[in-house]
Amino acid sequence: MPVNEMKAILPLILLPLFVTACSSGPPRNTNDVCSIFDEKRGWYKDARQASERWGTPVHVLMAIIKHESSYVADAKPPRKRLLGFIPWKRPSSAYGYAQALDTTWDEYKDAAGGWFPDRDDFDDAIDFVGWYTAGSSRQLGISKWDARSQYLAYHEGRGGYARGTYKRKPWLINTAKRVQQTANKYAVQLQYCT
């Protein structure tokens, strides 16, 4: 192959390798918050800053994100299927680590978002969760330490939580219990992180 042709296709070969090398997947062990913070070096600082800014403990913030996206930066709800097999619309605009809806994300940006926040940036996503849980505490009286109730308000929206819409969703109540269990486990683990 002539040198000019090789120069022309070299960027096409290297670009996918570069993009793959730069992308960052979820942490390998999402059941251990210390392991998460060891692997994702800047995340502890981001979580501490969000906790200090909004008053919600790190273990609650992290548990909500774990159960919303499994720490996948570009997570989206699965598409519905038309006729059982044709990919169709997504059930909501939820996106990113925090699975924030477009409208709620816009509220956050207007109220507290800083410079160009992105739902697929961990620091912005965890700050969003802190902002949302602080609002739920203020408006609904939910303790910032109560991961179960905070998750129910997060999932259903504050209005839905106030109306008790979660009471008709046993699967959601079970998920909220798991969020509380994760938060409890993370709280214990955080005492031993180095």
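On a predicted model such as this, the values are computed, not experimentally measured, just so you know.
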Show your working on side-chain hydrogen bond (donor to acceptor under 3.5 Å, both in side chains) between Asp120 and Tyr95 and close with a plain yes or no.
CA-CA 8 Å; Asp120 54 8; Tyr95 178 74; 3.2 Å; yes
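- The main-chain N or O of Gln150 is never found under 3.5 Å from a side-chain atom of Ser136 such that the two would form a donor-acceptor pair.
- Residues that satisfy the side-chain hydrogen bond (donor to acceptor under 3.5 Å, both in side chains) test with Asn184, not counting sequence neighbours, are Gln180.
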For Ile126 and Met62: C-alpha separation, side-chain torsions, deciding distance, then whether side chain to side chain contact (heavy atoms under 4.5 Å, CB included) applies.
CA-CA 8 Å; Ile126 200 160; Met62 293 295 286; 3.7 Å; yes
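- Annotation: side chain of Trp105 is in contact with side chain of Asp124 (closest heavy-atom distance under 4.5 Å).
- Each salt bridge (Lys or Arg N to Asp or Glu O under 4.0 Å) pair with one or both residues in residues 159-180, not counting sequence neighbours, appears once here: Glu156-Lys169.
- Ring centers of Tyr161 and Tyr166: under 6.0 Å apart, within the cut-off.
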Test Thr30 against Ser70 for side chain to side chain contact (heavy atoms under 4.5 Å, CB included), laying out the working first.
CA-CA 7 Å; Thr30 62; Ser70 299; 5.6 Å; no
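- Within the structure, the side-chain hydrogen bond (donor to acceptor under 3.5 Å, both in side chains) test picks out the following pairs touching residues 137-146 (sequence neighbours left out): Asp146-Ser149.
- Residue pairs satisfying the salt bridge (Lys or Arg N to Asp or Glu O under 4.0 Å) criterion with at least one member in residues 43-52, sequence neighbours excluded, are listed as follows: Arg48-Glu52.
- Considering only heavy atoms from C-beta on, Tyr71 stays 4.5 Å or farther from Lys40 through its side chain.
- Side-chain contact between Ile65 and Val129 is present, with heavy atoms from C-beta onward closer than 4.5 Å.
- Residues passing the ring pair (Phe, Tyr, Trp, His ring centres under 6.0 Å) test with Tyr97 are Trp43, Phe122, sequence neighbours excluded.
- Not counting sequence neighbours, His67 has no partner by the ring pair (Phe, Tyr, Trp, His ring centres under 6.0 Å) test.
- Residues forming a side-chain hydrogen bond (donor to acceptor under 3.5 Å, both in side chains) with Trp54 (at least two apart in sequence, or on another chain): Asp127.
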Can you check ring-ring contact (aromatic ring centres under 6.0 Å, His included) on Tyr132 and Tyr154, steps first, answer last?
CA-CA 7 Å; Tyr132 197 89; Tyr154 191 87; 5.3 Å; yes
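- Partners of Asp106 according to the side chain to side chain contact (heavy atoms under 4.5 Å, CB included) rule, which considers only residues two or more places apart in sequence or in another chain, are Lys109.
- Cluster membership for Val72 and Ile36, using ILVMFWY side-chain heavy atoms within less than 4.5 angstrom, is not shared.
- Every residue was checked against the ring pair (Phe, Tyr, Trp, His ring centres under 6.0 Å) condition with Tyr186, not counting sequence neighbours, and none meets it.
- Checking Glu68 against Tyr151 by side-chain atom types alone, a donor-acceptor pair falls below 3.5 Å.
- The CZ atom of Arg148 sits 6.5 Å away from the CD1 atom of Ile173 when rounded to the nearest 0.5 Å.
- Looking at Gln189, its side chain never comes within 3.5 Å of a backbone N or O of Cys34 through a donor-acceptor pair.
- Contact check for Cys193 versus Leu190: side-chain heavy atoms found under the 4.5 Å cut-off.
- Partners of Ser69 according to the side-chain hydrogen bond (donor to acceptor under 3.5 Å, both in side chains) rule, which considers only residues two or more places apart in sequence or in another chain, do not exist here.
- Taking the side chain as every heavy atom from C-beta outward, Tyr192 and Val33 never approach each other to under 4.5 Å.
- By the side-chain hydrogen bond (donor to acceptor under 3.5 Å, both in side chains) test, Asp118 is found to be paired with no residue, residues two or more places apart in sequence or in another chain being considered.
- Of the possible donor and acceptor atoms, one in the side chain of Arg119 sits under 3.5 Å from a partner among the backbone N and O of Ala100.
- At least one side-chain heavy atom of Ile64 sits under 4.5 Å from a side-chain heavy atom of Thr133.
- Scanning all heavy atoms of the two residues, the minimum distance from Ala63 to Val179 falls at CB-O, 3.6 Å.
- Heavy-atom minimum distance, Ala183 versus Ala147: CB-CB, 3.6 Å.
- Taken from CD1 in Ile142 to CG in Leu152, the straight-line distance is 8.0 Å, to the nearest 0.5 Å.
- The main-chain N or O of Glu39 is never found under 3.5 Å from a side-chain atom of Arg28 such that the two would form a donor-acceptor pair.
- Residue Ala162 comes nearest to Leu140 through the heavy atom pair CB-CD2, 4.1 Å, listed as atom of the first residue, atom of the second, then distance.
- Under the salt bridge (charged side-chain N to carboxylate O under 4.0 Å, His left out) criterion, Asp121 pairs with no residue at all, not counting sequence neighbours.
- Two residues are said to be in side-chain contact when any heavy atoms from C-beta on lie closer than 4.5 Å; Trp131 and Arg53 fail this criterion.
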